[in-house]
Each structure stands twice: as C-alpha cells, then as structure tokens.
2 protein chains.
Amino acid sequence: MTTMSNRYQPPLSPNRPTMRHVATLAGVGIKTVSRVMNEEAGVSEATRTKVLEASRQLNYQLDVTAGSLRRAGRRTLSVGLLLPSVSNPFSGEINRALEDALSARGIAVFAASLDDDPQREQSIIAAFLGRRVDGLVLTPIAKNQSYTIPEHSRDLPMVFIDREPVGVDADAVVTDNAIGAAKAAAHLLAHGHTKIAYLGDRTDIQTARERKRGFLEEIGRAGIPSSSVPIRENLHDEETARQAAIELLTSENPPTAIFSSQNLVTFGTMRALKELGKNREVALVGFDDFTLADMMDPGVTVIAQHPDRIGVRTAERLLARIDGDQEPPRTYVVPSELIQRGSGEIRPPA
Amino acid sequence: MTTMSNRYQPPLSPNRPTMRHVATLAGVGIKTVSRVMNEEAGVSEATRTKVLEASRQLNYQLDVTAGSLRRAGRRTLSVGLLLPSVSNPFSGEINRALEDALSARGIAVFAASLDDDPQREQSIIAAFLGRRVDGLVLTPIAKNQSYTIPEHSRDLPMVFIDREPVGVDADAVVTDNAIGAAKAAAHLLAHGHTKIAYLGDRTDIQTARERKRGFLEEIGRAGIPSSSVPIRENLHDEETARQAAIELLTSENPPTAIFSSQNLVTFGTMRALKELGKNREVALVGFDDFTLADMMDPGVTVIAQHPDRIGVRTAERLLARIDGDQEPPRTYVVPSELIQRGSGEIRPPA
DNA sequence: GATTTCTTTGACAACGATGTCTAATCGTTA
DNA sequence: TAACGATTAGACATCGTTGTCAAAGAAATC
C-alpha cells in the first residue's frame with residue numbers, strides 16, 4: 001500500500017453516490033469496495049464492516065450496467081424476452097415463470113411484444129442486442145422468414161418457445177401440439193363422432209400446422225378419409241372464427257363435433273354455438289385452456305398447455321447456456337393435458 | 001486534426017465490433033462514428049455514408065448501456081415497471097400500452113412482479129435503481145408501509161398507478177374507483193334493489209377501500225342505513241369469495257343483489273350463484289371487466305376499467321417527466337364505465 | 001490577399017465499475 | 001531472527017461510449 005489518497009477527491013455531491021464515495025468515506029480503496037459489494041473473498045471482516053457501514057450510510061447502490069462493461073464475460077444480468085404480446089394471458093404466464101426463475105439469480109427481464117410484425121421483430125431484437133442482454137427468449141407466433149441474428153451474436157444463449165429454431169443453434173421448448181390435437185380427436189371419436197370439423201388458425205403459424213396435422217392423422221387412423229373432414233383455416237380472431245363456425249353449422253351436412261385449434265377460435269365457436277342454440281348438441285374441444293372455461297354452458301373441454309412449465313423449462317435451459325453449457329441444442333417437449341368439462345363429452349344425435 | 005492514427009489498433013477480432021472497429025474501417029475518428037450513430041449534426045454527407053457503410057459491413061450495433069455512462073443526464077433508455085404480476089390480465093394491458101408508447105422513443109421496459117410481497121418490492125426497486133432506469137412505474141396492490149425510495153433517487157421520474165404516492169412527489173394515474181362503485185350501486189338501486197350486499201377485497205388495498213366507500217355512500221344517499229348492508233371483506237381469491245357468497249345467499253335474509261369489488265371476487269360469486277341455482281334471480285355487478293363476461297348465464301354487468309387508457313396516460317406522464325416537466329405532481333383519473341350485460345338488470349322478486 | 005467565421009473532424013478525458021498485478025502486512029517456520 | 005507463504009489491500013489500466021475542446025479546412029467577409 002503506497003499511499004492512502006486517490007488521484008483526486010470526488011465532489012461528494014448530494015447526487016447518487018459511486019464506489020469512490022463509499023471508498024473515501026470508509027477510508028479504503030475503491031477496489032476493496034468492489035470486492036465487498038460483489039462478495040469476493042479476501043477482505044478482512046473489519047474492512048468489510050467498515051465498507052458496509054459507509055455504503056449503508058450513503059445508501060449506495062452498485063451500478064450493474066457500469067460494471068458489465070468490465071465484468072468477465074461482460075454480463076449485464078439482463079435478458080430479452082420477445083412475446084406475441086405481453087397482454088396475452090399465455091405469454092403472461094410464461095413471462096411470469098421466467099421472471100421467477102431469473103430474478104433469483106439477479107437477472108432482470110426486458111419484455112417486448114411482437115404482434116406478428118416482422119419489422120418490429122427486427123427492431124426489438126436490435127434493441128435487445130444493443131443493451132447487451134445475456135440471453136434471448138423468443139416466442140414468435142408467425143413464421144417469420146429469417147431470424148436475423150447477426151453473426152457475432154450467434155453464440156448468445158437463446159431459447160425458442162413453440163417454434164423450432166432455423167438457422168441458429170438453439171434450444172427450443174414446445175408443447176406437444178400434434179399429440180395434443182390427436183388426443184382431442186381421439187376423445188371426440190371415442191364419444192361416437194365421425195363428422196368432426198377442424199377450425200384453425202393461420203397456416204403460417206407452425207403450431208397451428210402441427211395441431212392440424214395431429215388432428216387429421218388421428219382422424220385418419222380411425223379410418224375416416226381426411227377429405228371428408230370439414231376444415232376452416234386462417235381464422236385469427238373471434239369474429240372470423242364465429243362466422244366460419246356459423247357457416248359450417250348451418251350447412252347441409254353439419255358436423256356433430258368441432259375441434260378448435262386456439263383460444264380465440266374457441267371463443268368464436270362458442271359464440272356461434274350459443275347463437276344457434278346448439279351449444280348442448282354439438283361437441284367442442286378447444287386447444288388452450290382459458291379462465292372460466294368451467295363456467296360455460298356446458299363447461300368447455302380443452303387441451304390445456306402448461307405455460308408455467310414451459311416457462312420454468314425455458315429458464316432452466318437459458319441459465320444452463322448462460323453458465324456455459326455446450327451440449328448440442330435440443331428441443332424439449334412439454335406435454336399437454338386433456339381436461340374434460342362437458343362440451344367434449346356430448347354425443348352425436350342418434 | 002493532428003494525426004489520423006489512434007493510440008492503438010484494436011485487434012479487430014471476430015467478436016462483437018465496437019465503435020473503434022467501425023472507425024478504423026471507415027478511416028475516421030471514433031467520435032465521428034458516435035456522431036453518425038446518434039444522428040448528431042455536423043457530419044458531412046460523404047463521411048456519414050462512409051461510416052454507415054462500414055457499420056453495415058461489420059454489423060455494428062451501438063452499445064446503449066456503455067453510452068449511458070457518459071451520456072448527458074446519464075439516460076439508460078430503460079424504465080422499470082412494477083406490477084402486481086405480469087401474468088395478471090389487467091397488468092398485462094397496462095404493460096402493453098406502456099410498451100407501445102415507450103418503444104417509440106427507444107425506451108425498453110423492465111417488468112417485474114410484486115405479488116404483494118413487501119420484501120420482494122424492496123429488492124425489485126433496488127434492482128431497477130441498480131440498473132439506473134430513467135423512470136419508474138409502480139402498480140402495487142397492497143398498501144405497503146413505506147415506499148422506500150432512497151434520498152438520491154427522489155427526483156427520478158415516477159408514476160404511480162392506482163395508488164396515491166405517499167412520501168414521494170410523483171404523478172398518479174387512477175381509476176375513479178369510488179365513482180365507479182357508486183355507479184354500480186345506483187344501477188342496482190334503480191332496478192329496485194334495497195338489499196344489496198358488498199363483497200370486497202382485502203381492506204389494506206387502497207382501491208378496495210375506495211370502492212367500498214363509493215358503494216356505501218351511494219347506498220346511503222338512497223336512504224338505506226349502511227348498517228343494514230351485508231358486507232364481507234378481505235376476500236382475495238375465488239374460493240374465499242365463493243364461500244362468503246354462499247354464506248350470504250343461504251342466510252336468513254339473503255340479499256337480492258350483490259356488488260363484488262374485484263375480478264376474482266366476482267368469479268367466486270358467480271360460482272356460488274350457479275351452485276345455488278340463483279344466477280338468474282340474484283343481481284350481480286362486478287368491478288373490473290373480464291373476458292367472456294358476455295358469455296356467462298346471464299352476461300355479467302360490470303364496471304369496466306380501462307387499463308389501456310391508464311397505460312397510455314401513464315406513459316405520457318412518465319415521458320413528460322423524463323423530458324424535464326417540473327409541474328407539481330398531479331393525480332389523473334381515468335373514468336370507469338358501466339357495461340350492462342344482464343346480471344345487473346335482474347329485478348328483485350316481487 | 002488577409003481576416004474572420006463556419007463547418008467538419010479527432011484527441012482526450014471522463015463515466016462507474018472490475019481484472020490484473022504488485023505491495024504491504026502478518027503469521028509461521030527454519 | 002530471517003525467510004517465506006498467505007492474506008489483505010490499492011494503483012492502474014481498461015471496458016465502449018460521449019462531452020469538451022481545439023484544430024484543420026472551407027467559405028465568407030473586408
């Protein structure tokens with residue numbers, strides 16, 4: 001220890017205190033303060049207390065971002081989360097599960113909404129990268145051409161949700177969409193239905209395609225030609241779904257059961273059934289659970305996803321990657337679950 | 001311009017490029033690159049193009065956090081948002097509206113969930129401050145003793161939602177809770193009810209208290225002694241609400257109408273009514289709108305809040321403060337709205 | 001043609017922290 | 001008692017950027 005005085009004295013203004021303020025007050029060097037703040041070893045108990053006391057007195061708060069500049073691995077202790085929309089309940093659940101897992105490690109989450117806008121997607125990812133996030137979780141709905149992650153960020157820890165990564169080496173966490181849809185089909189078949197309609201989301205959405213595939217395959221296994229299955233697709237909101245359902249139900253040879261591939265489509269279908277007074281006659285199984293599904297008339301049978309489990313698994317993978325896991329990327333499947341509530345157990349008219 | 005060479009040449013590694021990389025490639029000084037990136041004036045068109053080209057070639061991405069260290073006002077272009085829970089639909093709407101308004105200005109949002117845990121609140125706020133956010137939006141539910149914002153952060157732009165700030169000078173954006181609840185009471189009174197029960201949330205929640213007050217005042221104005229009003233409080237989830245409602249409805253002198261002060265309480269009440277087969281006899285008005293309210297039997301009449309408008313107004317205030325608005329803090333009221341759907345229009349038995 | 005002014009540009013020192021390296025101190029042991 | 005390793009501490013450079021300032025060159029004025 002050559003001298004006790006630093007090169008210059010900070011103004012010690014009433015502004016937000018820095019490490020130097022704490023150091024001068026405690027009468028130690030700035031690096032020592034750093035050590036105490038980061039709970040590094042090699043500080044005597046006496047100095048530690050001195051520093052802590054000074055820090056408490058000044059109400060000092062370590063500047064995480066400034067530290068990230070020099071910190072090993074340049075960790076910023078923040079991750080970016082790209083969701084269809086933060087206001088969508090499914091996304092909210094995932095967001096929450098992720099937050100819980102990451103906050104335990106002191107990692108904060110930037111969340112942003114995509115809204116199926118590829119332009120927006122570009123700029124959000126850029127914004128995340130510009131903030132030097134330690135990892136990325138991507139939950140896009142639509143198939144957007146290229147996930148243009150710049151070359152130099154290719155090894156950024158990344159986890160995709162509900163979508164297989166293309167062109168990037170990354171883990172993915174998905175629901176067993178095809179299997180879930182097959183379960184729905186099997187359930188309706190088991191209740192005696194043979195005329196089961198499929199109401200589906202936009203075909204450029206990978207999960208929607210998977211669900212359709214699983215559904216049709218199961219129907220096929222029952223010996224029903226898929227050409228005889230009424231299919232209405234590219235329904236992306238309640239209203240278009242409602243119209244499609246009405247059209248189908250008032251047609252010459254209406255289905256006795258309906259499988260709807262997504263929340264909003266289910267809602268539209270429920271509306272149509274109620275309007276036509278057929279809600280107790282035509283069976284319905286929807287993909288995705290929703291609040292109050294059991295309070296409907298009848299309760300709505302669904303294939304429930306588990307956003308919380310998806311979130312937990314995602315967090316686990318992301319943290320593993322951040323911690324240096326070099327295993328080849330994998331896709332993790334979170335099983336869906338059939339929940340019987342009445343609408344799916346309606347039998348066809350004899 | 002003394003020399004053209006910088007003190008040292010960067011390794012020009014395949015890693016993430018910095019400004020210096022761009023500068024060397026473009027053959028200009030690093031400050032010039034900074035100017036171009038920040039669209040500062042005083043750069044000739046020729047140099048601008050050169051720099052932009054080099055930046056494009058290297059896929060350079062400005063490091064926002066590093067810049068914040070030196071930038072005037074130390075802007076980090078990020079804000080912290082504290083919500084009851086990111087998975088709660090009401091919070092989600094607010095989050096979304098805020099994001100839309102702030103992302104237009106290049107500001108990213110850290111969202112975190114509080115879960116009524118004062119401990120957690122402390123650490124989240126500390127985490128936000130440690131990341132040097134440019135502003136704070138706080139949406140706590142429960143009354144938590146002290147909003148301990150350290151002295152030196154007192155002038156940090158801050159907006160409270162649904163809660164008057166105490167001990168801090170800050171704007172607030174709130175729903176007209178008392179007025180909304182009064183509207184509910186008036187509506188039920190107008191339909192001939194005199195025995196109207198109040199089912200309420202935890203009494204330590206300010207908005208819950210306001211709603212109760214507004215409700216009782218309106219009842220009082222109708223000449224009904226508030227002592228004769230059945231009141232059940234501190235219901236914080238569906239199950240306790242359901243039990244309270246059942247108790248009330250099976251009592252000797254059951255109410256002919258119910259006002260429930262919050263979403264989950266409304267759900268519990270709906271369940272109770274359905275179980276007792278009274279859903280078409282007993283009137284119900286709930287505070288807070290919810291998905292599929294119109295699909296219930298009967299449709300549920302509600303006092304709807306407007307989380308989107310709350311979010312927009314909040315963003316507006318926060319940005320104004322960030323931009324230096326020094327007006328004395330105000331509380332902004334976003335009006336609620338009565339939506340008739342059937343359950344609130346049931347008349348008492350003759 | 002000589003000033004003066006304006007425009008364009010880069011060197012340099014920060015910002016607040018941490019990694020590296022070296023120095024002082026303290027026990028321990030030969 | 002001297003030598004040594006272990007422990008504790010601080011000086012310093014540095015992370016990637018921006019604010020300040022000064023200098024070079026071009027344009028405008030006399």
Side-chain angles (χ1 to χ4, degrees), chain A residues 1-8 10-11 13 15-24 26-48 50-51 55 58 60-77 129-132, chain B residues 1-8 10-11 13 15-24 26-48 50-51 55 58 60-77 129-132:
Chain A
M1 251 172 288
T2 42
T3 77
M4 204 61 176
S5 71
N6 292 322
R7 198 155 34 178
Y8 75 95
S13 73
N15 278 332
R16 206 196 290 277
T18 76
M19 249 182 199
R20 228 186 296 266
H21 293 96
V22 179
T24 8
V28 302
I30 156 175
K31 179 66 223 234
T32 301
V33 179
S34 170
R35 272 193 267 261
V36 173
M37 292 303 157
N38 294 285
E39 301 184 353
E40 272 176 59
V43 181
S44 75
E45 198 43 42
T47 355
R48 220 182 87 84
K50 248 193 326 190
V51 170
S55 156
L58 294 176
Y60 171 70
Q61 169 82 53
L62 183 67
D63 186 328
V64 178
T65 44
S68 82
L69 218 48
R70 204 91 224 302
R71 202 191 335 275
R74 251 187 210 97
R75 294 284 160 78
T76 56
L77 299 180
L129 294 179
R131 284 178 177 77
R132 299 300 185 263
Chain B
M1 248 170 293
T2 40
T3 77
M4 204 62 177
S5 69
N6 291 323
R7 199 154 33 177
Y8 75 93
S13 74
N15 280 330
R16 208 196 288 277
T18 75
M19 250 183 199
R20 231 186 294 267
H21 294 95
V22 179
T24 6
V28 302
I30 156 177
K31 178 67 222 236
T32 301
V33 179
S34 171
R35 273 193 268 259
V36 172
M37 290 305 159
N38 294 286
E39 301 184 355
E40 273 177 58
V43 181
S44 75
E45 199 44 42
T47 352
R48 221 182 87 84
K50 249 193 324 191
V51 170
S55 153
L58 294 176
Y60 171 71
Q61 170 82 53
L62 182 67
D63 185 329
V64 178
T65 45
S68 83
L69 217 47
R70 203 86 225 301
R71 202 191 333 276
R74 225 163 246 135
R75 295 283 160 77
T76 57
L77 300 179
L129 294 179
R131 283 178 178 77
R132 300 298 186 263

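Note that the structure is a prediction, hence the values are computed from the model and not measured.
Among the nucleotides dT18(C), dG19(D), dG16(D), the one closest to the side chain of Ser34(A) is dT18(C). Listed nucleotides: dA17(C), dC15(D), dT18(D). Nearest to the side chain of Met19(B): dT18(D). When distances run from any side-chain atom of Leu69(B) to the nucleotides dG10(D), dG10(C), dG16(D), the shortest one goes to dG16(D). Candidate nucleotides dT18(C), dG16(C), dT17(D) were compared by shortest atom distance to the side chain of Asp63(A), and dG16(C) ranks first.
Counting to the nearest Å, the C1' atom of dA23(D) and the NZ atom of Lys31(B) are 16 Å from each other. Taking atom CE of Met37(B) as the reference point, atom P of dT18(D) lies 10 Å away to the nearest angstrom. Separating the CZ atom of Arg75(A) from the C1' atom of dG19(C) is a distance of 15 Å, rounded to the nearest angstrom. Atom P of nucleotide dC15(D) and atom CZ of Arg131(A) are separated by 23 Å, given to the nearest angstrom. If you take CG of Leu58(B) and P of dG16(D), they are 14 Å apart, rounded to a whole angstrom. Here dG16(C) presents its P atom at 14 Å from CD of Gln61(A), a figure rounded to the nearest Å. Between the NE2 atom of His21(A) and the C1' atom of dA17(C) there is a distance of 14 Å, rounded to whole Å. dA13(C) atom C1' lies 12 Å from atom CD1 of Ile30(B), rounded to whole Å.
Of the possible polar contacts, one joining the Asp63(A) side chain to the Thr65(A) backbone as a donor-acceptor pair under 3.5 Å is found. In this structure a side-chain-to-backbone donor-acceptor pair under 3.5 Å is missing from Arg75(A) to Ala72(A). Checked by atom type and distance alone, the side chain of Arg20(A) never pairs as donor or acceptor with a backbone atom of Gly29(A) at under 3.5 Å.
Within the nucleic acid shown, Arg35(A) comes within 4.0 Å of at least one base atom, counting heavy atoms only.
Taking the nucleotide of DNA chain C with the nearest heavy atom to each of Val33(B) and Arg74(B), the more 5' of the two is matched to Val33(B).
Few gaps surround CZ on Arg71(B); more than 12 heavy atoms of other groups in view lie less than 6.0 Å from it.
Residue Ser44(A) places at least one side-chain N or O closer than 4.0 Å to OP1 or OP2 of dA9(D). Residue Tyr60(B) has a polar side-chain atom (N or O) positioned under 4.0 Å from OP1 or OP2 of dT17(D). For dA9(D), one of the phosphate oxygens OP1 or OP2 lies less than 4.0 angstrom from a side-chain nitrogen or oxygen of Thr47(A). Side-chain N/O atoms of Thr32(A) include none lying less than 4.0 angstrom from OP1 or OP2 on dA9(D). Distances shorter than 4.0 Å separate none of the side-chain N or O atoms of Arg132(B) from OP1 or OP2 on dC15(C).
Side-chain contact check for Val22(B) versus Val51(B): some heavy-atom pair is nearer than 4.5 Å.
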*Residue pair Ser34(A), Lys31(A): steps toward the side-chain contact (heavy atoms from CB on, under 4.5 Å) verdict*: CA-CA 5 Å; Ser34(A) 170; Lys31(A) 179 66 223 234; 3.9 Å; yes
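You won't find any donor-acceptor pair under 3.5 Å spanning the side chain of Arg71(B) and the base of dG16(D), going by distance alone. Interface remark: the Arg70(A) side chain does form a donor-acceptor pair with the dT18(C) base, using a distance-only criterion of under 3.5 Å.
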